[in-house]
Amino acid sequence: MKIDKEIKQYGNDHNVPITLDDTLCFLLNIIKKNASSHILEIGTAIGYGCITMAQNTNCQHIDTVEKDDERYGIAIQNIKKCNLDEKITVYHDDALHFLENCDKKYDLVYLDGPKGQYITYLPLILNLLNKGGIIVADNLNFHGMVTGEIPTPRGCRAMIKGLKRYIEAITSDDRLQTTIYTNIGDGVGVTKLK
């Protein structure tokens with residue numbers, strides 16, 4: 001797996017959440033296995049994930065959404081530096097607003113934005129997926145709080161409740177086939193639209 005060590009180091013040094021290596025490797029394998037050509041990433045941060053996807057797969061295009069002004073600016077710089085500005089489009093937008101107004105179709109959606117909003121995003125994402133399309137959702141364990149291994153601080157309770165509702169939705173909907181990998185990264189859910 002080719003990774004940009006400089007971008008990864010910046011993320012670690014500046015406390016920017018970036019995708020863990022094993023999660024990223026797992027995601028790349030899913031993209032390759034399913035020949036996903038049009039990808040949407042929710043939560044660009046500084047561009048580490050979308051750059052790694054673009055450099056390590058044969059996908060045609062990645063759209064990625066970032067709300068934070070500073071991270072958006074850094075992501076744009078990083079993508080240009082890697083000569084990927086024709087393969088990656090960064091939208092400076094709130095993910096919910098983007099999803100409500102998007103008229104494109106995707107083969108794969110990588111969900112790594114605000115965790116408590118996954119459940120809100122889900123019906124909108126399903127409308128944007130091609131048949132057989134896949135949602136890869138990161139952080140479904142959320143440091144052990146979702147499973148109750150670690151007590152949930154008061155400020156995280158609404159987010160954890162939202163994650164639990166998302167997990168319930170993706171595992172109980174007959175249109176979806178879901179596997180949750182608790183041993184990869186911070187918990188990864190793979191949901192396929194039948």
Side-chain angles (χ1 to χ4, degrees), residues 1-32 39-57 59 61-98 108-118 121 135-147 149-160 162-163 166 181-190:
M1 175 172 73
K2 180 181 178 185
I3 59 169
D4 191 309
K5 291 179 182 170
E6 191 180 314
I7 297 173
K8 183 179 178 181
Q9 190 61 51
Y10 179 92
N12 291 332
D13 291 348
H14 293 85
N15 208 23
V16 176
I18 57 173
T19 304
L20 298 172
D21 287 349
D22 62 339
T23 303
L24 208 44
C25 189
F26 180 73
L27 174 62
L28 297 176
N29 285 333
I30 290 173
I31 293 168
K32 291 173 188 174
I39 296 170
L40 171 63
E41 176 187 49
I42 303 294
T44 315
I46 56 174
Y48 178 66
C50 60
I51 288 168
T52 306
M53 285 187 270
Q55 290 178 333
N56 291 276
T57 73
C59 68
H61 197 81
I62 300 171
D63 287 336
T64 182
V65 184
E66 179 56 52
K67 181 180 179 180
D68 183 85
D69 295 343
E70 184 179 357
R71 290 179 182 172
Y72 168 81
I74 294 168
I76 292 287
Q77 289 173 4
N78 287 336
I79 290 163
K80 280 189 186 209
K81 184 184 79 177
C82 295
N83 297 313
L84 290 168
D85 35 342
E86 289 189 16
K87 193 169 185 177
I88 301 172
T89 303
V90 187
Y91 291 88
H92 189 198
D93 201 354
D94 173 76
L96 183 59
H97 181 265
F98 176 87
L108 183 140
V109 176
Y110 178 45
L111 189 51
D112 194 25
K115 313 309 169 202
Q117 296 301 312
Y118 284 11
Y121 300 158
I135 303 168
V136 178
D138 200 6
N139 305 109
L140 294 189
N141 292 342
F142 206 79
H143 315 300
M145 292 180 203
V146 172
T147 57
E149 295 167 47
I150 293 179
T152 305
R154 182 168 298 206
C156 293
R157 287 182 187 159
M159 177 188 58
I160 298 304
L163 275 173
Y166 175 80
Y181 299 87
T182 56
N183 60 331
I184 296 173
D186 191 22
V188 179
V190 179

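Annotation: side chain of P153 is in contact with side chain of M145 (closest heavy-atom distance under 4.5 Å). The side-chain heavy atoms of I42 and Q117, taken from C-beta on, include no pair separated by under 4.5 Å. Two residues are said to be in side-chain contact when any heavy atoms from C-beta on lie closer than 4.5 Å; L40 and F98 meet this criterion. Here the side chains of I62 and Y110 are not in contact, with every heavy-atom distance at 4.5 Å or above.
In plain terms, the two heavy atoms of G185 and L20 that are nearest each other are CA-CD1, 3.7 Å. The two atoms that bring C59 and A54 nearest to each other are SG-CA, 4.4 Å, heavy atoms only. Closest heavy-atom contact between V188 and T23: CG2-CG2, 3.7 Å. What you find for V65 and D93 is that their closest heavy atoms are CG1-O, 3.3 Å. Here the closest heavy-atom approach between residue C50 and residue T44 is recorded as SG-CG2, 4.3 Å. Pairing each heavy atom of M53 with each of L28, the nearest pair is CA-CD2, 3.7 Å.
Among the candidates I31, T52, L27, I30, the single residue satisfying the side-chain contact (heavy atoms from CB on, under 4.5 Å) test with T57 is I31.
Using a distance-only test at 3.5 Å, with no hydrogens or angles considered, no donor-acceptor pair links the side chain of D85 to the main chain of K80. Although no hydrogens or angles enter the test, the distance criterion places a donor-acceptor pair under 3.5 Å between the side chain of D186 and the main chain of H143. A side-chain donor-acceptor contact under 3.5 Å links Y118 to the backbone of L111.
For the atom pair CG of D138 and OG1 of T19, the computed distance is 5.5 Å after rounding to the nearest 0.5 Å. To the nearest 0.5 angstrom, C82 atom SG is 8.0 Å from I88 atom CD1. One finds the CD1 atom of I184 at 12.0 Å from the CG atom of L24 (value rounded to the nearest 0.5 Å). Rounded to the nearest 0.5 Å, atoms OG1 (T147) and CD1 (I160) are 9.0 Å apart. Distance CD1/I39 to OG1/T64: 10.5 Å, rounded to 0.5 Å. For the atom pair NE2 (H61) and OG1 (T89), the distance works out to 2.5 Å, reported to the nearest 0.5 Å.
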Could you pull out all donor-acceptor pairs under 3.5 Å where a side-chain atom in residues 69-79 meets a protein atom, sequence neighbours excluded?
unit_1: D69; atom_1: OD1; unit_2: H92; atom_2: NE2; d: 2.8
unit_1: N78; atom_1: ND2; unit_2: I46; atom_2: O; d: 2.9
unit_1: N78; atom_1: ND2; unit_2: I74; atom_2: O; d: 3.4

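A donor atom on one side chain and an acceptor atom on the other are not found under 3.5 Å apart for D4 and Y48.
Applying the salt bridge (Lys or Arg N to Asp or Glu O under 4.0 Å) test to every pair with at least one member in residues 10-24, sequence neighbours left out, gives these pairs: K8-D21.
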Practice problem: Could you please spell out the steps behind the side-chain contact (heavy atoms from CB on, under 4.5 Å) verdict for N12 and I18? | Solution: CA-CA 8 Å; N12 291 332; I18 57 173; 4.0 Å; yes
Practice problem: I would like to know whether I135 and Y166 meet side-chain contact (heavy atoms from CB on, under 4.5 Å); could you show each step before the answer? | Solution: CA-CA 12 Å; I135 303 168; Y166 175 80; 3.6 Å; yes
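Annotation for K32: atom NZ counts as buried by contact number, over 12 foreign heavy atoms lying within 6.0 Å. At most 12 heavy atoms of other shown residues, nucleotides or ligands fall within 6.0 angstrom of atom NZ in K67.
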